[in-house]
Number of protein chains: 2
Amino acid sequence: MESHSPNPSAGPTRHTGIPSNDGDADHFCSSCAFAEACSIAGYGKPELNDLHCLVEHVGPFEPGQRIFRAGDAFRALFAVRDGMIKTTLVDAEGREQVLGFYLPGELVGLDAIYPEHYPCDAIALETTQCCRFSFPAMSALAARQPKIQQHLFRLLSKELGSASLLAGDHSADERLAAFLIDLGDRYAARGLSGTEFRLSMARADIANYLRLAAETVSRVLGRFREQKLIAIDGRKVALLDTPRLRELARCVLNA
Amino acid sequence: MESHSPNPSAGPTRHTGIPSNDGDADHFCSSCAFAEACSIAGYGKPELNDLHCLVEHVGPFEPGQRIFRAGDAFRALFAVRDGMIKTTLVDAEGREQVLGFYLPGELVGLDAIYPEHYPCDAIALETTQCCRFSFPAMSALAARQPKIQQHLFRLLSKELGSASLLAGDHSADERLAAFLIDLGDRYAARGLSGTEFRLSMARADIANYLRLAAETVSRVLGRFREQKLIAIDGRKVALLDTPRLRELARCVLNA
DNA sequence: AAACTCTGTTGTTCTGAGTCAACACGCGGC
DNA sequence: GCCGCGTGTTGACTCAGAACAACAGAGTTT
């Protein structure tokens, strides 16, 4: 592990309901996957309370710890509050396959609804805290609150659209440019810098996610640096020439 | 076009509601994407009527005709009644990318919910008839009928899971074996033969869908024939050794 | 029946990315 | 300090599949 938290509490801790002393709740909630649903429902109204009552804070999870495992019964969706999660599939031959990376505000577990079991492992990449949304409670609420139902449909459909992107056959350069631009855009949507951020995942994870060899990722990032497209030092990256990167990424990202 | 229907009516025809003389309605509905939702609701009950009232039969569409185009406003989901549909994305460079093939009973358009516009073209590969489900009416019904809401969540989640499959990095042999096995399984789920069926799409479409060159598809199919895994004549294919094919496909298909 | 088009197959060459291997760096433990 | 370990970078070689090209068969058109 690159950085190991000095926090002595090894396992995840659980808080039922919303702690009253949660100072950053408002900040987090404003960029959470359900922010839109909440604001439509109207802060302070009973509907919002309904939504908050089915939420549970879980964590912290230390790097490498699993939030859920492939095969576990599906009970809940998880929104990342802080940190980062990767989801991985282990295929018949035992090879790991990275399906996605989830930033704060994003929702993990939507692909578990149909099989009713999580199809993949969810693994913390950094010290990570989550909101746990009970899915039965969530569906019940969605049935009463059309806006929330609509929101869930949209979240599912959105993930469906982005899943198609990685599927195309693109060069290593295009894939990496798209990866960096996409991460940047997602950080920006969260209100953080979209041009300077930390890659929480190892090069091998990036490579696996993009279906490339780790060596190829190294080489392409090196070339991008030579071409002054990015500055990169370890896991700290800065996008220097977003227009050219976006141009490279265009055929991957745009539908 | 390989086979051109002699049907003189060029454009798609529309029937509002369910024609009373639709002899095969029951047969089709029993294998449609909403069959489960209908049977849960209970045939003959008012809920089923609700569902049927928001359905419209559209078609026939002739091969090459579009059911919807990328960019069209999203109003409805389409279930294939008869024939076959491919969905294709046209990227910035104008290159076509096949996203999926849809058999009778399957639902097209779920990826349009989020963007509120169809992200891709839907093109008939054979003379094709569809059921058109108005999405606003569908959501309204889902809000009243939790089972139907649940069913839609499941359909979305299912498609999300299968989208991950093609994303893996697999050899041409594995991809083609998985493609054939998957098609067979889907035909079988529909009540048709899972080992002998027609490939409605051109080799170039298969290749594009699997992110291979058309020549590679030809060669691999030829090799499969030599190895007596399949018998293939033009677009008619028979799976001769499903166990071995399934073994080949294993790391692609199984999660 | 010749010319054309569309689809599919086969042969040859070429290349992007994988694989194997060596090595550099930072970090924690002894 | 030294060692081991995980992570990342770089170089040399290999290979699966792409690209290019030629051609065959089946329909259509003239």
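Every chain is numbered from 1 and lettered A, B, ... according to where its sequence line falls, protein lines coming before strand lines.
Atom C1' of nucleotide D:dT9 and atom CD of A:E226 are separated by 12 Å, given to the nearest angstrom. Put simply, CZ on B:R223 is 10 Å from P on D:dA16, counting in whole angstrom units. Taking atom CD1 of residue A:I232 and atom P of nucleotide D:dT10, one finds them 11 Å apart after rounding to whole Å. Look at CZ on A:R203: it is 16 Å from P on C:dC25, rounded to the nearest Å. With rounding to whole Å, B:N208 atom CG is found 14 Å from D:dA18 atom C1'. In this structure, B:D169 atom CG and C:dG18 atom P are separated by 8 Å, rounded to whole Å. Here the C1' atom of nucleotide D:dG6 and the CE atom of A:M201 are 18 Å apart, to the nearest Å. The CG-P distance, from A:D233 to D:dT7, rounds to 18 Å in whole Å.
The side chain to side chain contact (heavy atoms under 4.5 Å, CB included) test applied to A:A70 returns A:D121, not counting sequence neighbours. In this structure A:R225 satisfies the side chain to side chain contact (heavy atoms under 4.5 Å, CB included) test together with A:I232, sequence neighbours excluded. Under the side chain to side chain contact (heavy atoms under 4.5 Å, CB included) criterion, A:A112 pairs with A:F74, A:Y118, A:P119, not counting sequence neighbours. Not counting sequence neighbours, the partners of B:A249 by the side chain to side chain contact (heavy atoms under 4.5 Å, CB included) test are B:A177, B:A178, B:I181, B:L253.
Among residue pairs with one or both ends in residues 236-245 of chain A, those qualifying as salt bridge (charged side-chain N to carboxylate O under 4.0 Å, His left out) are A:D241-A:R244; sequence neighbours excluded. Evaluation of the salt bridge (charged side-chain N to carboxylate O under 4.0 Å, His left out) test over residues 165-187 of chain B, restricted to residues two or more places apart or in two chains, returns B:E106-B:R186, B:D173-B:R223, B:D182-B:R186, B:D185-B:R246. The stretch residues 201-213 of chain B participates, sequence neighbours left out, in these side-chain hydrogen bond (donor to acceptor under 3.5 Å, both in side chains) pairs: B:K86-B:D205.
Residues from residues 170-178 of chain A that place a heavy atom under 4.0 Å from any atom of DNA chain C, listed by number: A:S171, A:A172. Shown for residues 210-219 of chain A: residues whose heavy atoms fall under 4.0 angstrom of DNA chain D, namely A:E215, A:S218, A:R219.
Ring to ring, A:F68 and A:F78 are close: their centroids are under 6.0 angstrom apart.
When all heavy atoms of B:L245 and B:L229 are compared, the pair lying nearest together is CD1-O, 4.0 Å.
Closest to the side chain of B:R235, from the set D:dG8, C:dT7, C:dT9, is C:dT7.
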